[in-house]
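Below you'll find the structure, written out as structure tokens, and then a few comments.
Model, not experiment: these values are computed from the prediction. For the single chain, residues carry numbers from 1 onward in sequence order.
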Amino acid sequence: MSHSIVTGEKLEYINDDVIDELFQMKPGKKYLFRTFLDASGEIGFFAKPLYDDGPLYIELDDNGYIDWEAPQFKIIKEEMDFINENIISYSLIGIKDMTTMPEVQDSAKDYYLVEGRWFNKEDDENQNHVVIIHENIAKNYKINIEDKLNIKMRDSEYGISLSTEKDHKEWKTYYVSEPKPFEVVGIFNSNVYPRMYIHMYVPNSTIPVELGRYTKGLDESMPIDSYSYTFVLKNAEDESAFIEKYKEPLKEMGYELSFLINNIESFKESSAPIKRSTAISFVLFSVLLILIQGFVIYVYIEGHKLNYAIERALGIPSKISGRHLVLPLIIYGMIASGIGGYIGFNNAMEKSMELLGSVPATTQTTVNSGLDIKYFILFILLSMLPFVIMLMLKTNKLKNSSIIDLINNNKKRKMVQGKTESLEVAKATTISTEVEYEEKKSIKTKTELSKSEDKHIEKDKQTKKDSIRSLRRFSLKHTLRSKATSILLIVLAGVFTFSLLWMNYVTIKNNELIEKAYKDHIITADIIAQGNLVLDTRTGLISGRHINNLMETELVEDYSAIALMIYDELYIYRDGVIERYEVGEKDKVHVFVSPPKFVVKASNKSYNSSDGVMEFVELNIIDGYSLEDFHKEYIRGYKGLETIIVDEKGEEGFPILVSNKAMDHYELELGDKISLKPNSNYRKLLMGTYGTIVGTFAGVGSSEDNYGYSEIDDEELFIYPLSVLKTVERGVYYSKMEFVFKQEKNKEIMERKEEIKKIVSDNSSNEIPTELKLWDGEVVNVVGPLEKNISLLEVLYPVTFTLSIVIAGILVFIMVLRRSTDAAILRILGVKEKEVRWSLFRENLILVLIGTAIACITVFAISIKSYPVDLVKYIMVTGGYLLGTTAGLIFGIGKVTNKKPLEMLQVKE
């Protein structure tokens, strides 16, 4: 053949001499040819010269042995090496941060992870030898995540495959790096260009400087592909300012500036509450930690200061005595902090991995759950710092105190106050005792003193009131005198109550934000089929049954799809005569005959519209027809015994659009009636029918903007109404299918995600593996962190709630034990045991109620205008803390008052 059977181009290496030589070939002889496969994969293999300006073939000896070092074969071997180098090579692309690529963004609906993660800026900065590979490469070579690939990098003139004349001549002299192992951390696929499977991505920093195509120091400038450059703003809020500043200068240079969906507002909605709640939680729990540490120090020093005073009285210096006092507490504190911190830190990391494991779906980075000893030591030191400071302040206060006061456990000021208060109580209790005596006496002489009964009763009531008032004044003065313990009770009650109510507030707020995020975002999905462009049945890859199956879930709002059906026979009805299109000269390129394929497409969406998926270029429609006619409902009808297609009004026929190429190739005219049929070996139609050619077009483009440009398909194409295909075909298949889900169902969609995917993957009509790719990244980015924050609060809340009850009980229990002396004095002075118990119970409970009330009022003021906390939560939180307080008071008061007064006054050495 002296011309290409594909393009018709004259082949200079084919001439009459070569053709004559071919006829001289003998059966049984062995010949060496160079052949190549046509790009379409359907025409077959072709022969071309063994090398440039070389012969078409060489005759071999009988055994077919080839000595590649021989001069006549060496040049062929070099050509083969050049071809093989391209065959075994992949396109290796260096990127600083894959998470910033436009193709990777969820709004682009293009690149998606099948498994693993994208590498990010940290990988590039740390020169991590990681690689992202296409799913086809992973399947072909059975490569899994964490596998190592030894990658050797080779240069070329333009940094791509060997294709230029310079590459052909000098490729063996190009720089080649040493093989280095790269860990596979991600496997991806593309929704827009699924056949681009030769790409691999590595961090830019891992590519040797000798291979840098766009680095400084090159002798000549390199051609710049604008699609290889993207901008990532430091702050997404600067998008408008950036466009305003650079749009016109770039436009003058011939470039158009555009951004993918920013989504900064949604990000701020989800991140701001988390940052705020984290900061407040940090402050609250830090305050709690300091308060508990202060409480421990206070109780410890109060219990051991007598030992310190005795050592000082024996002449031991204050520094040594102070060291003896605090050393056990520091040692035990460090041991307890270390053990508790280690257990808590490990538990926190496990919970974090458990709760936040799915959040990296957006950034696709992994969390290091290992316990770094540096951070652990820092954590211990920071937690011990306030403890040490408070301990130093307390010991310094002891150092400045009088040894006599410490031993007597009272200062002169307290002694005076104690005497005054005891005298007041004594007066009241003495009067109360006299009244009791008078009561007994009056009982014995009741008949004699009946006239003065009212006087005694009145006096009794007044005396009891005086006694109660005196006891209350005593409790109040004790509370005011013991400022540290009183403030501690109030603050702890307030902080614990506020912390628990704040957790409830944050949970309610996050739930509201989650609901808002679900309502504000739209989730879409594409059905992706793994395979060639068409099935063996000469149809698209995606079954139309997917539409019905997904619509039945009641989660889908709308869908857009492009049907693809291929036919083999064309019938033309013109001037009352039906003619079948026969293969002719137009279907031949010299001696090769290509069977015609009549490709039909249809869409459920309006053409050339904002919500459509097909746009016709240079559209021409005859009068009386419009694109709206393609979206009428066409059904089966009858004309006598003949089945026909009729529209909604019962009129026969339907419209067809045909591309200019198809019109020219098949010599069609506007107004012709045509019918397309498939080969019966592939599939059979339910009925045959004729439609009318009402318009033509130059090409078909997509309404989707792929990174600033779109492609025009100018193939031979026929456009049918979708309802016609559904009527004549047993099943319609599609090349593209996208679904839009109901916004109000977003939460249910996320919960039923796996179920929805399974509906697609398990469809019995699938000829090849098919999956549903949900583009829910924007929802996940907003909702995911909020939900994980709620999950974290759900873990912390019961722990904090339980801790508050326990600490409340222990705190008041210790406070009551410290009042043993006061209780004993009151009992000796004649105050009833019941009144002593009630006094101790009341004064502690009032302090706790003050703390909880302040906390409740604060939370109420914060939340009332935004996300109010339910009354039930207030009752539960305050009730829980009061429950612990009540239990501690009951046990403490019981332990104190069940002893005899003298026993309580004894000092244990």
Could you pull out the closest heavy-atom pair between [X] and [Y], with the gap in Å?
| X | Y | result |
| --- | --- | --- |
| Gly671 | Thr692 | O-CG2, 3.8 Å |
| Val732 | Ala563 | CG1-CB, 3.7 Å |
| Leu113 | Gly186 | CD2-CA, 4.3 Å |
| Tyr666 | Lys597 | OH-O, 3.9 Å |
| Lys753 | Asp776 | NZ-OD2, 2.7 Å |
| Lys742 | Val556 | CE-O, 3.5 Å |

Rounded distance (nearest 0.5 Å) linking atom [atom1] of [X] with atom [atom2] of [Y]:
| X | Y | atom1 | atom2 | result |
| --- | --- | --- | --- | --- |
| Thr524 | Phe739 | OG1 | CZ | 11.5 Å |
| Lys673 | Tyr690 | NZ | OH | 11.0 Å |
| Ile542 | Ile768 | CD1 | CD1 | 8.5 Å |
| Asn136 | Ile187 | CG | CD1 | 11.0 Å |
| Ser675 | Leu685 | OG | CG | 7.5 Å |
| Ser761 | Asn766 | OG | CG | 8.0 Å |

Look at the side chain of [X] and the backbone N and O of [Y], then say whether any donor-acceptor pair between them is shorter than 3.5 Å.
| X | Y | value |
| --- | --- | --- |
| Ser603 | Ser560 | no |
| Asn86 | Leu162 | yes |
| Arg636 | Thr643 | no |
| Asn679 | Asn681 | yes |
| Ser723 | Tyr634 | yes |
| Asp629 | Ser626 | yes |
| Gln743 | Lys519 | yes |
| Gln105 | Met101 | yes |
| Ser659 | Ala698 | no |
| Asn763 | Ser765 | yes |

Neighbour count above 12 (heavy atom, 6.0 Å) for [X] [atom1]:
| X | atom1 | value |
| --- | --- | --- |
| Glu648 | CD | yes |
| Tyr625 | OH | no |
| Arg545 | CZ | no |
| Tyr573 | OH | no |

Are any of the side-chain heavy atoms of [X] and [Y] separated by less than 4.5 Å?
| X | Y | answer |
| --- | --- | --- |
| Ile645 | Ile635 | no |
| Val694 | Leu670 | no |
| Ile674 | Tyr571 | no |
| Leu657 | Phe697 | yes |
| Ile719 | Val658 | no |

Looking at [X] and [Y], does any basic side-chain N land under 4.0 Å from a carboxylate oxygen?
| X | Y | result |
| --- | --- | --- |
| Lys758 | Glu755 | no |
| Glu135 | Lys139 | yes |
| Glu771 | Lys757 | no |
| Glu738 | Lys109 | yes |
| Arg580 | Glu569 | yes |
| Lys745 | Glu557 | no |
| Asp672 | Arg574 | yes |
| Lys605 | Asp558 | yes |

query: Taking the six-membered ring for Trp, are Tyr201 and His199 parallel (under 30°), tilted (30 to 60°) or perpendicular (over 60°)?
result: perpendicular

- request: Could you tell me how the ring of Phe630 sits relative to the ring of Tyr607: parallel (under 30°), tilted (30 to 60°) or perpendicular (over 60°)?
  value: perpendicular

Check: [X] ring centroid to [Y] ring centroid under 6.0 Å:
| X | Y | result |
| --- | --- | --- |
| Tyr567 | Phe598 | no |
| Phe188 | Tyr112 | no |
| Tyr734 | His546 | no |

field: Cation-aromatic face contact Lys601/Phe718, 6.0 Å, 45 degrees
entry: no

query: Quick one: does NZ or CZ of Arg538 land under 6.0 Å from the six-membered ring centre of Tyr733, within 45 degrees of the ring axis?
result: no

No-hydrogen, no-angle side-chain donor-acceptor test under 3.5 Å, Tyr581 and Glu667: no

- request: Indicate whether any N or O donor in one side chain lies under 3.5 Å from an N or O acceptor in the other, for Asn746 and His521.
  value: no

Thr689 vs Phe654, side chain to side chain contact (heavy atoms under 4.5 Å, CB included): CA-CA, chis, key distance, verdict: CA-CA 9 Å; Thr689 185; Phe654 62 91; 3.6 Å; yes

